[in-house]
Amino acid sequence: MARYLFQRIGSSAVTIAIMAILVFFASRVLPGDPALVRAGSNATPELIAQVRTQFGLDLPLHQQFLQYLYGLIQGDFGTSIRTGKSVTTELMHRLPATLELSLVGFLIASLIGISMGIIAATNPNRWPDTLVRALTAVGGSIPSFWLALLAIFFLVYNLGVFPSPIGRLPLGMSPPPRVTGFYTLDGLLAGEVSVTLAALGQLALPALILGVLGSISVTRITRASTIEALASGHARAARGFNLKSPSIFLQEGLRNALPTVITAMGLVAGYLIAGNIIIEKIFSWPGIGQYLATAISQSDLDVVQGFVIIVGIGYVTINLIVDLLYSVADPRIELGGSKS
Amino acid sequence: MNNLLNVRDLRHTYVKGRIQTHAVRGVSFEVARGETIALVGESGCGKSSTARLIAGLETATSGSVSVAGHDIADIATDKRLRRLVQMVFQHSDQALDRSWNVERIVAEPLLRMDGLRLSAARTRTVAALNSVGLGDDFLSRRPRELSGGQSQRVAIARALISQPELVVLDEPTASLDQSVRTRVLDLLKRIQEERNVGYVFISHDLASVRRIADRVAVMYLGRIVEIGRTAEIFANPRHPYTQGLLRSEPPIDPAVKWEITPMKGETPSASAIPDGCAFRGRCPIADEACATVDPLLLPVGSTRQLACIHRSVDGPI
Amino acid sequence: MSSIHLATRAASRKRFRLTVVRQNSALITGIVLLFALVLLGAFGPLFLPSPNVTAPGQSLMAPDSEHLFGTDRYGRDVLARSVAAIRLDLMLAVGVAIMAMALGSILGAVAGYIGGWVDDVVMRITDALLAFPGFVLALMIVAFLGHEIIFVAIGVTIGSTPHFVRLARARALSERELDYIPASKLAGANRGRVIFGHILPNAISAPLIQTTVTAGWAILDIAGLSFLGIGIQPPTAEWGTMIAEGYSDILTGKWWPALFPGLLMLLAVLSFQLIGDGLSRRNSL
Amino acid sequence: MSVLDVDRLQVEVFETGIALLRDITLSIKPGSIVGLVGESGSGKSMFSLALMGLLPSGVRVTSGKARVAGKSILKGLTNQYVNSSREDIALISQNPRAALNPTMRINKQVIRVLRQRCNMTFKEARSEVHELLARVGIPDVGRVANSYPHQLSGGMCQRVVIGMALSTRAPLLIADEPTTGLDVTIQAQILMLLRKLVGESDEKSVMMVTHDLAVVSSMCDQLIVLYGGQVMEVGPTREVFANPRHPYTKFLLESLESYADGSADSTPSVSENPIDFGLSGCRFSNRCPFSTPVCQTTPPPAIADNTRIAYCHNLESI
């Protein structure tokens with residue numbers, strides 16, 4: 001087990017390294033002058049030259065690369081040209097907001113996805129299944145930002161069910177003392193229940209939207225893999241032994257679909273970390289996504305680099321967890337290797 | 001150097017992670033022109049690995065294979081020699097590329113080895129199809145329009161179109177219905193008589209071996225345990241494994257009461273081969289000596305070889 | 001007795017046909033929808049005002065008989081702009097999906113068939129790219145390259161390619177094990193012949209189906225980039241850009257400049273999804 | 001009373017009306033082993049699925065009756081499968097590894113069957129597991145009980161499945177190609193085991209579904225030959241082997257014998273035409289060397305002779 005874990009962590013590290021190299025080359029080697037992009041298209045030659053020196057872009061490529069790697073190893077993603085602050089500090093400061101939103105979104109996505117998938121799989125090709133399939137087809141086609149706008153228009157401005165999309169707390173309320181960075185938890189820790197409730201209220205709509213969008217693929221995969229498992233040889237054999245239907249659905253169906261469902265949930269978790277760039281922007285949610293959205297429109301490239309690497313690390317970590325859970329869920333996976 | 005095929009001390013070991021699988025552990029035999037040798041055994045005995053090594057689809061860990069005086073490594077890499085060895089595969093439903101039509105499938109060796117165009121190869125393609133009993137109305141058919149027997153005939157036509165001297169037949173009838181098997185075997189036999197081609201026939205099905213083979217090599221865990229003329233082996237099997245194998249085949253006459261003591265146990269994994277004689281765990285006559293001595297394949301009589309320390313003396317048992 | 005029997009038989013057979021139609025209905029609906037959108041995109045502009053003519057006096061007019069979808073804050077006809085965007089978005093999305101399919105399938109087939117270090121390198125890079133949702137990848141590339149249509153296309157293509165590599169590689173790995181591959185090696189086919197003559201033609205059906213789904217995703221990604229202001233720039237009529245422009249209006253109760261382009265986009269993506277679903281069902285039957 | 005009684009059972013593809021099984025009539029006596037033989041496409045597996053109520057979607061029983069242990073397994077005009085009928089049947093399926101749940105240890109799977117089919121409590125079932133596994137000749141009971149299916153050989157898995165099937169006390173066992181894919185020495189072990197266990201009880205009957213005539217000849221008392229979804233010939237194995245009446249049975253046995261002893265194929269021109277499910281007459285008529293026009297158009301009558309039945313228009317003339 002420990003050996004397998006080390007192997008997987010090692011290979012995750014390699015993936016992150018390759019990713020970092022790709023990011024570097026994307027920013028320096030692809031056509032397009034990084035100094036020009038950073039200085040803006042209307043910049044004077046002097047300004048461009050100044051940007052070049054400031055970011056070390058006049059150094060030979062291999063030196064730039066070494067500098068970049070050296071910075072990365074120390075956790076230094078560079079400096080934001082817009083604010084002049086350390087990218088690492090800025091991102092870390094905003095990370096909890098994103099994680100809080102993603103986590104709640106993930107829970108909603110899993111809950112909706114797995115239950116809808118089960119409902120569909122218990123009634124294949126009958127109306128509940130048809131309905132679920134139609135819903136996932138439409139749901140998978142909805143642009144997230146459009147859905148968010150409509151939700152705000154109807155649910156916030158017309159019906160007033162949810163509070164205004166103005167970030168993590170209502171106007172005039174100050175955040176609780178920072179412990180975890182999750183306002184809902186920090187509010188409780190500080191004994192300020194009103195803050196927690198207010199934070200939950202602000203969280204509800206964006207998390208719901210993320211959850212609904214994320215639930216689509218969980219629904220699809222839960223449904224498909226359960227139906228597939230119920231059509232397999234061992235499910236037929238179980239029916240041949242006249243075992244009870246609920247038992248077959250659980251043991252032959254869901255239990256054997258579990259590894260695939262875990263994979264789908266991992267994908268959704270990754271999608272949520274990145275997918276809330278747009279949602280954060282729309283809901284003024286002060287997370288890393290919104291930070292990126294602002295930075296990107298102003299060509300603040302070190303922020304983009306830093307964001308990409310943090311998301312990458314998050315994603316690789318999720319994959320690692322998924323692989324571990326998968327190997328627990330499927331006894332055919334020998335730890336340390338392939339399917340036998 | 002009269003033999004068409006010479007196989008000398010062939011060994012093949014796969015390594016995957018920390019696990020070594022000894023698929024072939026020192027196999028030697030030869031085949032004359034116009035002769036059929038059958039390699040028989042159960043799954044994991046190394047017969048299919050041996051077939052792939054002989055056809056040059058894989059490279060042996062050690063040992064040599066030569067066909068008509070050429071080393072298999074040269075045959076595998078040289079377009080002019082490639083035609084010498086061809087192969088017919090096991091699964092009739094996957095032996096043909098389903099996106100090609102029969103004409104291109106059969107003509108493929110001519111297109112690749114001789115650089116012919118499809119139209120220039122037409123006459124020979126039709127001739128090859130005719131020789132396996134299919135008319136030229138098959139030229140434009142797709143594999144999914146063929147029955148199992150017809151697919152296998154097309155595969156045979158493809159193997160023969162380049163005029164090979166040795167054909168490796170890897171369980172060519174295993175995926176076919178009983179009533180079609182006989183016909184395919186008879187076809188193979190007729191072709192052999194016409195062209196004097198040598199066959200290496202891989203099978204687990206003893207009945208088909210009896211029908212087509214001149215000699216039989218019985219394999220167990222990567223070794224030949226007994227080799228000899230087909231009639232001799234079937235009439236008087238001498239290795240305990242051969243005896244157990246023949247006994248396990250159900251008789252086709254219902255009047256014969258089939259009452260046997262089946263061979264005990266199962267074949268061990270090729271990555272954990274027992275010391276001494278590899279068969280001793282399942283052998284009814286094994287003793288302490290078998291745990292220490294790895295029996296060699298030694299001649300008993302002029303046409304037969306046997307790998308068993310208890311049966312190494314010539315004479316009836 | 002027998003007439004009753006026949007009647008029930010006919011009835012249940014009819015029921016069965018209905019389920020068959022229902023199973024194929026996804027495909028049919030998708031094709032009809034896409035066809036309608038293409039027609040609208042091709043011929044609609046002939047009957048509509050120019051999408052970029054501004055009319056300051058007619059800004060933010062609610063939908064009426066003259067402007068079916070209303071006008072935006074510059075007085076431009078929302079219907080004309082939404083329809084003009086069909087051509088751009090669909091062509092871009094389909095082009096991106098086809099490029100990604102071609103690139104990914106070839107890479108995947110080569111890696112899967114050859115194996116060894118080639119496979120290691122290709123899959124390592126693919127895994128690293130797959131560490132991001134395609135959207136983030138596209139976003140990064142557009143951020144680094146510049147905010148132009150061609151870079152948006154490149155970004156979304158690269159973001160979509162890794163899926164195809166995975167898909168084609170998996171198929172190549174299973175094709176490689178089938179008997180016809182060693183058979184063609186024995187026939188003297190070299191690696192290139194085997195890959196392009198045998199592996200790819202047989203491995204391509206799954207990537208082809210995936211292409212339609214990818215085209216749908218590409219529409220979402222392209223519009224998402226534009227919504228963030230780094231994709232296609234105003235005043236070009238594009239769904240994401242239009243929704244971004246309508247963003248502030250919706251907060252003041254003027255919902256039409258954002259609603260209609262989103263609705264058309266939804267239909268476009270849905271049509272690709274339905275076609276993809278229908279095709280993969282047919283393929284698996 | 002027969003364990004299984006099937007009367008003119010018809011199974012069709014709904015969409016097209018193609019009959020995959022046509023007018024199947026047969027019965028199985030208690031305590032016998034009956035072989036259902038056919039080549040690929042004969043409908044032998046479809047028949048066992050129909051008896052189990054496990055037909056694939058789009059395929060239905062459209063007419064006919066079937067009784068297991070005297071109880072009808074189909075009800076009503078629509079021939080719906082009566083779900084409780086499976087209590088009287090146990091299935092030993094092809095590919096034993098795939099027949100076991102890959103995510104459950106063997107002991108849990110056995111316990112599950114014992115609890116749900118034999119009304120045992122968990123404790124009773126747990127104490128029964130080792131005995132059950134030992135009865136089917138598993139040597140290393142403790143290890144096997146604790147293993148997942150993928151850790152066991154195909155032969156071991158098949159023993160487990162046989163053990164579970166016998167524990168259900170169902171009077172009819174359907175063994176669908178129980179040894180296909182197993183090595184010949186393992187096949188011998190399994191067949192001997194099956195015969196021994198069935199021989200121990202007088203009530204249990206086995207329907208062996210197989211393509212392998214040698215297995216049938218050495219295992220079965222009775223023989224049912226299927227071709228193209230139609231019964232060709234029924235009778236005691238010895239008599240059918242000694243003197244086949246139907247042209248198809250003749251052809252099958254002659255090709256088997258000539259195959260085994262190496263003699264030339266003496267059967268007259270039986271073509272390799274594929275099965276034509278659209279034929280309204282005898283399904284074998286497009287291959288049969290004795291085919292007459294009536295064979296093409298009219299299903300063959302059942303010609304009974306003592307213990308045997310053959311379905312052919314031209315029995316007298318052959």
Side-chain angles (χ1 to χ4, degrees), chain B residues 40-45 133-134 145-150 153 173 175-187 189 204-213 230-231 234 241 244-267 269 282, chain D residues 35 37-42 137 139 153-156 179 181-193 195 211-221 223 236-242 248 251-265 267 270 272-275 287:
Chain B
V40 298
E42 298 179 282
S43 50
C45 74
L134 300 178
E145 299 166 304
L146 304 177
S147 69
Q150 289 165 338
R153 284 169 193 265
T173 57
S175 60
L176 303 180
D177 277 331
Q178 181 65 54
S179 57
V180 184
R181 281 185 189 176
T182 320
R183 294 166 170 227
V184 171
L185 287 182
D186 288 349
L187 170 70
K189 243 173 146 175
H204 67 276
D205 173 27
L206 296 172
S208 63
V209 168
R210 191 187 300 211
R211 189 170 182 84
I212 196 170
T230 307
F234 277 90
Y241 177 66
L245 198 63
L246 293 181
R247 201 172 57 221
S248 299
E249 193 89 333
I252 56 163
D253 182 357
V256 177
K257 180 76 179 156
W258 189 45
E259 203 55 72
I260 60 158
T261 315
M263 194 190 294
K264 65 182 174 188
E266 299 182 348
T267 312
S269 154
R282 303 180 69 186
Chain D
V37 222
E39 299 183 300
S40 42
S42 64
S153 67
M156 278 303 152
T179 56
L182 297 180
D183 277 327
V184 60
T185 55
I186 309 300
Q187 166 173 293
Q189 294 172 353
I190 297 288
L191 292 180
M192 287 294 152
L193 173 74
R195 202 162 65 181
H211 67 280
D212 192 337
L213 282 165
V215 168
V216 171
S217 92
S218 47
M219 293 285 292
C220 303
D221 323 317
L223 174 66
T237 311
R238 276 195 192 202
E239 290 177 33
V240 174
F241 267 67
Y248 176 66
F251 162 66
L252 210 56
L253 288 172
E254 273 168 27
S255 68
L256 173 73
E257 273 154 30
S258 67
Y259 186 66
D261 64 18
S263 63
D265 187 353
T267 37
V270 171
E272 275 180 43
N273 285 340
I275 299 166
R287 295 182 65 187

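Sequence lines set the chain letters: A, B, ... in the order given, protein chains first and strands last, and positions in each chain run from 1.
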Between D:Q189 (side chain) and B:S248 (backbone), is there a donor-acceptor pair under 3.5 Å? no
If every non-hydrogen atom of B:P251 is compared with every non-hydrogen atom of D:S218, which pair is closest and at what distance? CD-CB, 3.9 Å
Find out whether B:L245 and D:V184 are in side-chain contact, i.e. whether some heavy atom of one side chain is under 4.5 Å from a heavy atom of the other. yes
Separation between NE2 of B:H204 and CG of D:L182, rounded to the nearest 0.5 Å: 10.5 Å
I'd like to verify something: which residue of D:L213, D:I186, D:L193, D:V240 has the highest number of heavy-atom pairs under 4.5 Å with chain B? D:I186
What is the minimum heavy-atom distance between D:A214 and B:I252, and which atoms define it? CB-CG2, 3.7 Å
For B:I260, is it the side chain, the backbone, both or neither that has a heavy atom under 4.5 Å from a heavy atom of chain D? both
Using side-chain heavy atoms (C-beta onward) and a distance below 4.5 Å, is B:E42 in contact with D:Q187? no
Between D:E39 and chain B, with a heavy-atom cut-off of 4.5 Å, which part of the residue counts as in contact: side chain, backbone, both or neither? both
Considering all heavy atoms of both residues, which atom of D:L191 and which atom of B:W258 are nearest to each other, and what is their separation? CD1-CZ3, 3.9 Å
For residues 247-258 of chain B, which residue pairs qualify under salt bridge (charged side-chain N to carboxylate O under 4.0 Å, His left out), counting only residues two or more places apart or in two chains? none
Would you mind telling me which of D:G137, D:S217, D:G155, D:S40 has the largest number of heavy-atom pairs within less than 4.5 Å of chain B? D:S217
Under 3.5 Å, is there a donor-acceptor pair between the side chain of B:E266 and the main chain of D:S153? no
